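Side chains are part of it too, since the values below use all heavy atoms of this structure and drop only hydrogens, waters and symmetry mates. To find a chain, count down the sequence lines: A is the first, B the second, and so on, and within it residues start at 1. Just so you know, these numbers come straight off a predicted model, no measurement behind them.
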There are 2 protein chains.
Amino acid sequence: MGGEETATSKAPRTERGKRTLRKLLDAAAAEFGERGYHEASISGITQRAGAALGTFYTYFDSKEQVFRALVDDMGHLTRQHIAERVPGNVDRLTAERLGLEAFIEFVREHKDLYRIVMEAQFVAEDAYLNYYKVFAAAYTRNLAQAAEKGEIRPGYEEERAWALIGMSVFLGMRYAVWSSDKTAKEVAAAAAELITFGLSPLARGGGLGGGAS
Amino acid sequence: MGGEETATSKAPRTERGKRTLRKLLDAAAAEFGERGYHEASISGITQRAGAALGTFYTYFDSKEQVFRALVDDMGHLTRQHIAERVPGNVDRLTAERLGLEAFIEFVREHKDLYRIVMEAQFVAEDAYLNYYKVFAAAYTRNLAQAAEKGEIRPGYEEERAWALIGMSVFLGMRYAVWSSDKTAKEVAAAAAELITFGLSPLARGGGLGGGAS
DNA sequence: TCGAAACCTGAGTCAATATTCAAGTTGTAG
DNA sequence: CTACAACTTGAATATTGACTCAGGTTTCGA
């Protein structure tokens, strides 16, 4: 997959240009995040950025292109943030808890960008697909490796990856985007307990986060 | 709560009217499902329905109103379909598996409507919120009851409900909307195994679906 | 310091389409 | 059969907002 660099001809060549581009990207994130893709307007973006309408087209070909750029950006940022918070040497079950905790925190700090990712499903489906496929592939691999090491039960790696991603996404939506009435730690502990032991009454009740609500 | 009946003044009074309304609703589901809310056009809807443009406004006040009507409809249909497939007397863990299986099958048969529900997050956020809140509340209650009966470990009912809904939604998206490369039964079995025992290598490996991929 | 390249400006163009409405057609009660 | 209500029609209206462009201003290497 190639598209690291965006449009070739539109890259800024001076310091001033770089500053303007950054202002426009931040403004676009805010505008799309607050108003959604279709309610958002280019003039809204340039107003937020303190620039003239035409300036937008110095750096972007279209409304859709800047939106896609933001989605890709979010993918990088998310993976980076989670990687920073999850040491490479912990076992899979611990990694799940820390990863979810980091994810929820991240979403809280980037609600706008997160909303953009979700809306990409309807605006730039391929970008959205790619976003989650990258996650799912990495996740599937991690699960398979953990299974080999005996850290988790083997089997169903792909289905589990999608199930776990869905869990994270919805917990992020509910406890980061919609409301922050519980801490990321609490939510992550609850989910980790579920991921580790399932719902079965036979599993040991102690363990991680305690057990009571 | 309460909006069962839609607009009062716009209800059809003759057989012909009822038929036209139904054609418009079906056409709207197809148009929104295929093209998304904003790409969809009223003229697209009326063309599919074989009606004139103005006829749409005999039955609906606006584009958004018909969209909301479809979201509400989907909520009813989904709950009904799942309730039909999950006997009331089975234990919670079995209910989870059957419910997910029914859900995936349902999404496969109603991809258009399902896409509409997801897009509602950006078009009619309150309708979307309501859709999931109803599910989450019911789910939370079911989990609490099951815990009382000793069918599952108690605690974290609300977080678990959202986590499980997220799982279903993403598995539905991946294995029903995007691709049908696995049967609903297979996917449900994998998820049920995860929900029941978690990932822990300590849980018994036999049980439900076997274990190997 | 100079000039070209880079950048900025915002009024104007243009296509799309949600919604209205005045004039017809069909159904049905009496 | 008649007349009114229900329904249908599609051209016209009105708004919106993405995108263009011709002319300025700023930057920066030489």
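Within 4.0 Å (heavy atoms only), B:A49 reaches no atom of the nucleic acid at all. Across all strands shown, B:S41 has heavy atoms under 4.0 Å from sugar-phosphate atoms exclusively, and none from any base.
Across A:P12 and A:Y59, no two heavy atoms sit closer than the pair CB-CE2, 3.8 Å.
In this structure, B:Y59 places its OH atom 9 Å from C1' of D:dT8, rounding to the nearest Å. As rounded to whole Å, 5 Å separates atom P of D:dT27 from atom CZ of A:R16. Between the C1' atom of D:dG17 and the CD atom of A:E31 lies a distance of 12 Å, rounded to the nearest Å. To the nearest angstrom, P of D:dT26 lies 13 Å from CZ of A:R19. What separates CZ of A:F56 from C1' of D:dC21 is a distance of 17 Å, to the nearest Å. Separating the OH atom of A:Y57 from the C1' atom of D:dA22 is a distance of 18 Å, rounded to the nearest angstrom. Spacing between atom CD1 of A:I45 and atom P of D:dG17 amounts to 12 Å, rounded to whole angstrom units. The NZ-P distance, from B:K23 to D:dC7, rounds to 14 Å in whole Å.
For B:A51, the listed nucleotide lying nearest its side chain is D:dT9; candidates were D:dC19, D:dC7, D:dT9.
Between A:T20 and B:L53, the residue whose closest nucleotide on DNA chain C is further toward the 5' end is A:T20. For the pair A:G17 and B:H38, both in contact range of DNA chain C, the more 5′-proximal nearest nucleotide belongs to A:G17.
For B:E39, the CD atom is loosely surrounded, since the number of other residues' heavy atoms within 6.0 Å does not exceed 12.
Side-chain atoms of A:Y175 and B:E158 form a donor-acceptor pair, as typed in the model, at a separation below 3.5 Å.
With B:R48 contributing its side chain and B:S43 its backbone, the two residues share no donor-acceptor pair below 3.5 Å.
Ring pair A:F170/B:Y132: centre-to-centre distance below 6.0 Å. The distance between the ring centers of B:Y139 and B:F135 does not fall below 6.0 angstrom. Note: A:F122 and B:Y37 fail the aromatic proximity criterion, with ring centroids not under 6.0 Å apart.
Residue B:T14 places none of its side-chain N or O atoms closer than 4.0 Å to OP1 or OP2 of D:dA6.
In 5' to 3' order, the nucleotides of DNA chain C bounding all contacts with chain B (an atom under 4.0 Å from a heavy atom) are C:dA18 to C:dG27.
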